Number of protein chains: 2
Amino acid sequence: MGDVASSRSEQRLPLSRERVLRTAVAIADEHGIETVTMRRVGDELGAEAMSLYHHVANKDALLDGAVDLVVREINEAVDELDAGGDWQVAVRTRILAARAVLLRHRWASRLLSTRAATSPEVVRYHDRLVGLLRAGGFSFDLAHHALHALGSRAMGFSQELFDPGDGGSADSLPPEVAAELPNLVAMLSEIAHDDPASTLGWCDDQTEFEFGLDLLLDGLDRRRVATTP
Amino acid sequence: MGDVASSRSEQRLPLSRERVLRTAVAIADEHGIETVTMRRVGDELGAEAMSLYHHVANKDALLDGAVDLVVREINEAVDELDAGGDWQVAVRTRILAARAVLLRHRWASRLLSTRAATSPEVVRYHDRLVGLLRAGGFSFDLAHHALHALGSRAMGFSQELFDPGDGGSADSLPPEVAAELPNLVAMLSEIAHDDPASTLGWCDDQTEFEFGLDLLLDGLDRRRVATTP
DNA sequence: AGAGCCTGCCTTACAACGTAAGGGTGGTCA
DNA sequence: TGACCACCCTTACGTTGTAAGGCAGGCTCT
């Protein structure tokens, strides 16, 4: 409508799949994944919603692509790391690097767990991880088990189910509720989580993530030694 | 509309929060969680969508309630188990029992990981789990770490990120893709997953779940012994 | 007993969403 | 020059969650 298309020359650079996906990522980073709608992405690009369909098949494909962009970012970060030395150190470093990227795109971990199962970038990530395990002396079979055991932790996030540090510091609970939860109440009042800096997941701070990760890596190493003398 | 309200007397029993939630669970079980809409639940109950709002605050609350129903089912199953004996056996048994329930409501694990963080039933489940750990000689601190380390596995499901057995049996890949994934291709062709009975998550069959679980339980026991001589 | 209210269900309506269908415009190539 | 095609737009539809309010029957209080 009366848009002479000369006032904003930088907005008029053509749409592309890349630009669409990057915009979706940016919106999700800034305002949350639930605010990413076709119209919103179009707006941000100075285009209409329907124009996006020339570059992505539909909204699902857009989300898949956005996640893939994040995983690509992970792969780029991870490719620079030293893959030599002790396998446990190498794997640990790699996973924590992936985690650092996911901390910049917190919406991505949820999407990662539901879609993009066969995303090329995700598969590539796991391929390199298997490479590290193999180099560390893992049989293919044990490496396969390792992938399953690590699960989503392999890419740097874990799925927490409830947050003992948040939403209930033991004495904030109604007495009749507290009476029903003797063990948790006792645990919480002893622990007194004084550092509720949540990261990925609810109370899943870096320390807890690494604790679980090391538990798995130690266990895997023990299995490795047991099978390959 | 000309409904004499006498033809179907059993449909006219009044709505209730319980009935609404149970209906949502039933629809999700049978047709998938994405088919659960307010109108659909209403239909199933012989009522209008808006009538549900007298029993649940909104759709989010409905989904939360549906998940809670499933977790209640878990708790009922788990409460019957023997809590004595070796802690590792007790915890393992309990988690596998929870898993068995979740296998009957596959949609629930995804919802569990996003909502219902502070659901009373979920909290109760973890309280009992902490009780088991305490009885097994865990400090509160180690029990807390254990909850984090187990993550969603504590309730019987794990989050898989990709499925090496599905969607690519190594030789079904285009050659240029396969060349990019040397480790996975080698792994898959050696393993030849002949039992692709998927359960919860993608290729996360029972064996893999138990492998990861035991890895964690073994590691936790080692930490326990190390801290309490 | 009658007035008033509360509870439970319904009707109507709307905004936001994804997207199907098709129109127009500019650049490219024969 | 004319045909084609890539690209973007307009319009419109069905589905969703839900706000607003209506209407009946049973309860309580006088």
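Values below: all heavy atoms of this structure, side chains included; hydrogens, waters and symmetry mates excluded. Residue numbering restarts at 1 for every chain, and letters A, B, ... go by the order of the sequence lines. On a predicted model such as this, the values are computed, not experimentally measured, just so you know.
Distance CG (L15(A)) to P (dT25(C)): 20 Å, rounded to an integer number of Å. dT16(D) atom P lies 14 Å from atom CG of L63(B), rounded to whole Å. Rounded to whole Å, atom P of dA16(C) lies 12 Å from atom CG of D43(A). The CE atom of M50(B) sits 15 Å away from the C1' atom of dC23(D) (whole-angstrom rounding).
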Using residues 173-187 of chain A as the side-chain source, report each donor-acceptor pair under 3.5 Å to any protein atom, sequence neighbours left out, with the distance given to one decimal.
unit_1  : atom_1 : unit_2  : atom_2 : d
E180(A) : OE1    : R128(B) : NH2    : 3.3
N183(A) : ND2    : D127(B) : O      : 3.1
N183(A) : ND2    : D127(B) : OD2    : 3.0

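The stretch residues 51-62 of chain B touches DNA chain D through Y53(B), N58(B), K59(B), each having a heavy atom within less than 4.0 Å of the strand. Across residues 31-42 of chain A, T37(A), M38(A), R39(A) each have a non-hydrogen atom less than 4.0 Å from an atom of DNA chain C (numbered order).
Of all heavy-atom pairs between M155(A) and L102(A), the closest is O-CD1, 3.2 Å.
R22(A) and E73(A) are not joined by a salt bridge, as no carboxylate oxygen comes within less than 4.0 angstrom of a charged side-chain nitrogen. With salt bridges taken as basic N to acidic carboxylate O contacts below 4.0 Å, one links D79(A) and R124(A). E44(A) and R40(A) are joined by a salt bridge, as a carboxylate oxygen and a charged side-chain nitrogen come within less than 4.0 angstrom of each other.
For the side-chain hydrogen bond (donor to acceptor under 3.5 Å, both in side chains) test, residues two or more places apart in sequence or in another chain that qualify with E121(B) are N75(B). Take F140(A) and apply the ring-ring contact (aromatic ring centres under 6.0 Å, His included) test, not counting sequence neighbours, and it matches no residue.
Sorted by first then second residue, the side-chain hydrogen bond (donor to acceptor under 3.5 Å, both in side chains) pairs that include residues 48-58 of chain B, not counting sequence neighbours, number zero.
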